Amino acid sequence: MTTRTATARYDGFGKEGKGHISTQSGVLTDQYYGFNTRFEDGKGTNPEELIAAAHAGCFTMALSFALARAGFSGGTLETSAAVKLEQDGEGGFVITRSDLTLKASVPGLSQDQFQALAEGAHANCPVSKLLKAESNLDASLS
């Protein structure tokens, strides 16, 4: 259906290297990333932050469409994603999980229907399907 692209360039190697990420849409253009943005609090982005943004955005849109199909037309959805990067036993790193936290306000939606729609969107969101890490959802309706 569609193909989206992004590019990454890394000049130098290891901790001293400097990376830049760009997206097809131009939303990110030569956005800096490196050791200090990934493992410290340096200014810039990192792959885990971008995965978190993709997962939160994908899930929220999937739930929005599920709610529309169920006949709901108003309300708000706000999802945060926390992607965890851990050191593995072989000196490398692994993304071990992506946890979504959803806060929703949908007038007329029952708790049972909300939970079913949210869990369905979580299971069927393309980014959830892509991720091999454990993925959990914490959803609350106000």
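Here the structure is a predicted model, which means the values were calculated and not measured.
- Leu141 and Phe72 fall within the same hydrophobic cluster, where Ile, Leu, Val, Met, Phe, Trp and Tyr residues are linked whenever their side-chain heavy atoms come under 4.5 Å apart, directly or through other members.
- Judged purely by atom type and a 3.5 angstrom limit, Thr37 uses its side chain to pair as donor or acceptor with the backbone of Thr45.
- Ser105 places no side-chain N or O within 3.5 Å of a backbone atom of Gly75 that could act as its donor or acceptor partner.
- Taking CG of Asp138 as the reference point, atom CG of Leu102 lies at 8.5 Å (rounded to 0.5 Å).
- Heavy atoms only, all atoms of each residue included: Val106 and Gly74 are closest at CG1-O, 3.9 Å.
- Judged as a side chain to side chain donor-acceptor pair (under 3.5 Å), and not counting sequence neighbours, Gln113 has no contacts.
- Applying the side chain to side chain donor-acceptor pair (under 3.5 Å) test to Thr29 and every residue at least two apart in sequence or in another chain returns nothing.
- Scanning both residues, Ala52 and Ala81, for their nearest heavy atoms gives O-CB, 3.3 Å.
- The structure places CG of Leu63 at 10.5 Å from SG of Cys125, a figure rounded to the nearest 0.5 Å.
- Hydrophobic cluster membership of Leu131, counting Ile, Leu, Val, Met, Phe, Trp and Tyr whose side-chain heavy atoms lie under 4.5 Å apart directly or via other members: Phe35, Phe39, Ile51, Val83, Leu85, Phe93, Ile95, Val127.
- Residues His55 and Ser98 approach most closely at ND1-OG, 2.6 Å, considering heavy atoms.
- His20 places none of its side-chain heavy atoms less than 4.5 Å from the side chain of Gln31.
- Between the OG1 atom of Thr76 and the CD atom of Glu78 there is a distance of 7.5 Å, given to the nearest 0.5 Å.
- In this structure, the side chain to side chain donor-acceptor pair (under 3.5 Å) partners of Asn36, at least two apart in sequence or on a different chain, are Tyr32.
- Listed here is the closest heavy atom pair of Ser135 and His122: OG-NE2, 2.8 Å.
- Side-chain contact of Thr96 with Glu86: a donor-acceptor pair under 3.5 Å is present, judged by distance alone.
- Contact detail for Ala8 and Ile21: the closest heavy-atom pair is CB-CG1, 4.3 Å.
- Nearest heavy atoms, Ala118 versus Leu137: O-CD2, 3.7 Å.
- Phe114 is linked by a ring-ring contact (aromatic ring centres under 6.0 Å, His included) to nothing, counting only residues two or more places apart in sequence or in another chain.
- At least one donor-acceptor pair under 3.5 Å links the side chain of Thr23 to the backbone N or O of Leu28.
- Under the side chain to side chain donor-acceptor pair (under 3.5 Å) criterion, Asp99 pairs with Arg97, Asn136, sequence neighbours left out.
- Remark: the Thr79 side chain and the Thr60 side chain contain an N/O donor-acceptor pair separated by less than 3.5 Å.
- If you take CG on Leu109 and CD on Gln111, they are separated by 8.0 Å, rounding to the nearest 0.5 Å.
- Lys103 has its side chain out of reach of Ser142: every pair of non-hydrogen atoms, C-beta onward, lies at least 4.5 Å apart.
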